[in-house]
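See below for the structure under consideration.
Since the model is a prediction, treat every value here as computed from it, not as a measurement.
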Amino acid sequence: MNQRTAGLLLITPALLVIAVFFIVPLGLSVQGAFTGKDGRFTLAHFEKSFELYTSDMVFTVAIVALSCALIAVVAIAIAGYLTLGEHERTKAALRWLYRWPLFIPFVVTGQIMRTFLAKNGMLNHVLVGGGLIEPLAAQSLLDWRGILVAFVWKQAPFVTLLLAGAMASLDATHVEAARNLGAPRWRVLFGIVLPQVRGTLLVGLVLSFVTMLSVLSVPLMINPNSPTMVTVDVAYRISTHGDYAVANALCLISLLFASLGAWIYLRHAVQRAEENAR
Amino acid sequence: MNGALASRAAALVARALAIALLAFLIFGPLANLLLWAFAERWYFPGKIPQEFGLAFWGRVFSPRGGAVQSLVTSVWIAVLTVAFCLAVAVPAGYALARLKLPARAFILLLFLLPQAIPNLPIYVNIARMFYELRLNGTVTGVVLVHASHGLVLAVWIASAAFAAVDPLLEEAARNMGAGPLACFRTVTLPLAAPGLIASAIFVFLESLDEFTGTYFVGVPDVTTLPLLMFNASMGGNYQIASITALLLLLPSIAFMLVVERFLKADVLAMVGR
């Protein structure tokens, strides 16, 4: 038996699982979205989706894009300080702090934020107690802002971890040279460090983008009423109307949003994997 | 001289404030969860619960509370998922790391794809397929959904773990007369074991925490811990929801604290790619 046959034999079960539990459902999704009750091709499900849920689509893209922007800011700030900061105790504290939400599931994050951001939540108590807002100005953040906070809280550590790892493996002499020439730290960060880890940042953000697009629990728990995220609409179409056709159309639309990011990610990842294989 | 001292003091204060703010943003929400988990009564506008106690813990763990049943179901599903994933991912990871494969780039792409597109359409249509196969609401159905999700991660970590084994050691074993299977069993597998254990832990946690797939496939008969928590929360029972959330948090945080012992930086960098 030559190596190629052996390799194929070993990898076939995994490929089968991907085919049956991934490719087939994906095909069914496309088929369901374009097939009418009479079994003929139709665009009616998409028309209905846009008619009912256009504002939710805009809401979804806006929330996820804004979350990505905030995640990038947080990740660059923390990873940047971990790489370029000079105060060892601060760095150690930061390194210990930032990862806590890393493995906390979305559904738990939803529950946590549901209590923390409520009108009677700890955030408002601290703001009022600290004299930062008047007691009457305290309001519930359980709307689009709640989803945003939950997403950034959960995903920023993941991107930070990837980014800090990439920054740590950079050639330190570049940074030292720039620092010796008197460049301030923010210029070293944006001029030298960040351009070299752009790919990692991009991959982290794309993965977060795709993940957030398909999270159901957080919007369901924090902001289930319209305008809300498309995932909530999908669940509603299925659980209330048994309407798989429109649900599939909505799924394909969010797939379209993700596909641009996915394209960037796949290109980058295949490139990397092939470099590793060499 | 005084100016320099003052600016250093200002920098110190700024750093301390920034760390304190971050600590509040990270631990504030967790502290709020803890308060709810131990609150007996907490009415508006109390800043902290009017009464602390463990009565709700008794309710959660009573037979009618369902937590024990859900915990057992969750752990059983996670164990089966790990077994299934490893059985499939170990050979695949070895082939990807060590053997020549035809259409290698295409195969890599197939294993990357599930991470790069939203999984909602997948779950929705697996639920439909399973409905016809009568797998909806069964443990088998939920395990298959979790496994299809965890497999990608498992294959990548297993492949990274095998790639990190020095081929010279395998060659030495073969030169001394070990057959390919004996070589794999006595040299390759033990050396790759830490990475494989890490991948098992990842898959276990993914399965334990999984919500969306279980939501579509598991209802109404399979109630895992995340679903129990969700139902309690949506029913407005914050104590029960918070206690269940705490149960879910413990393994996640324990793993977060030890992750670096299992995964070296190079393997960790592969996770999520």
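Here the side chain of W153(A) pairs a donor or acceptor atom with the backbone of L25(B) at under 3.5 angstrom.
The cationic group of R128(B) lies under 6.0 Å from the six-membered ring centre of Y244(A) and within 45° of the ring axis, placing it in a cation-pi geometry.
Using a 4.5 Å heavy-atom cutoff, the side chains of V152(B) and I18(A) are in contact. With contacts defined as side-chain heavy-atom distances shorter than 4.5 Å, the pair F216(B)/L216(A) qualifies. Between L12(B) and H87(A), the closest side-chain pair of non-hydrogen atoms falls below 4.5 Å. Under the 4.5 Å side-chain criterion, counting only non-hydrogen atoms from C-beta, S254(A) is not in contact with L120(B).
Annotation: F24(B) is in aromatic contact with F116(A) [ring centroid separation under 6.0 Å].
Interatomic distance, CE of M113(A) versus CG of L33(B), reported as 10.5 Å (0.5 Å rounding). Taken to the nearest 0.5 Å, the CD1 atom of I112(A) stands 9.0 Å off from the CG atom of N32(B).
Using a 4.5 Å cut-off between heavy atoms, Y238(B) touches chain A through backbone and side chain atoms alike. For L151(B), the part lying under 4.5 angstrom from a heavy atom of chain A is the side chain only.
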Walk me through whether M229(B) and V107(A) qualify under side chain to side chain contact (heavy atoms under 4.5 Å, CB included).
CA-CA 8 Å; M229(B) 198 219 84; V107(A) 64; 3.9 Å; yes
Begin from the C-alpha positions of F27(B) and W100(A) and carry the test side chain to side chain contact (heavy atoms under 4.5 Å, CB included) through to its verdict.
CA-CA 9 Å; F27(B) 289 118; W100(A) 280 78; 3.6 Å; yes
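Relative orientation of the F21(A) and F130(B) rings is perpendicular, given thresholds of 30° and 60° on the angle between their planes.
Residue P25(A) forms a side-chain contact (heavy atoms from CB on, under 4.5 Å) with just one option from N119(B), V124(B), N125(B), and that option is N125(B).
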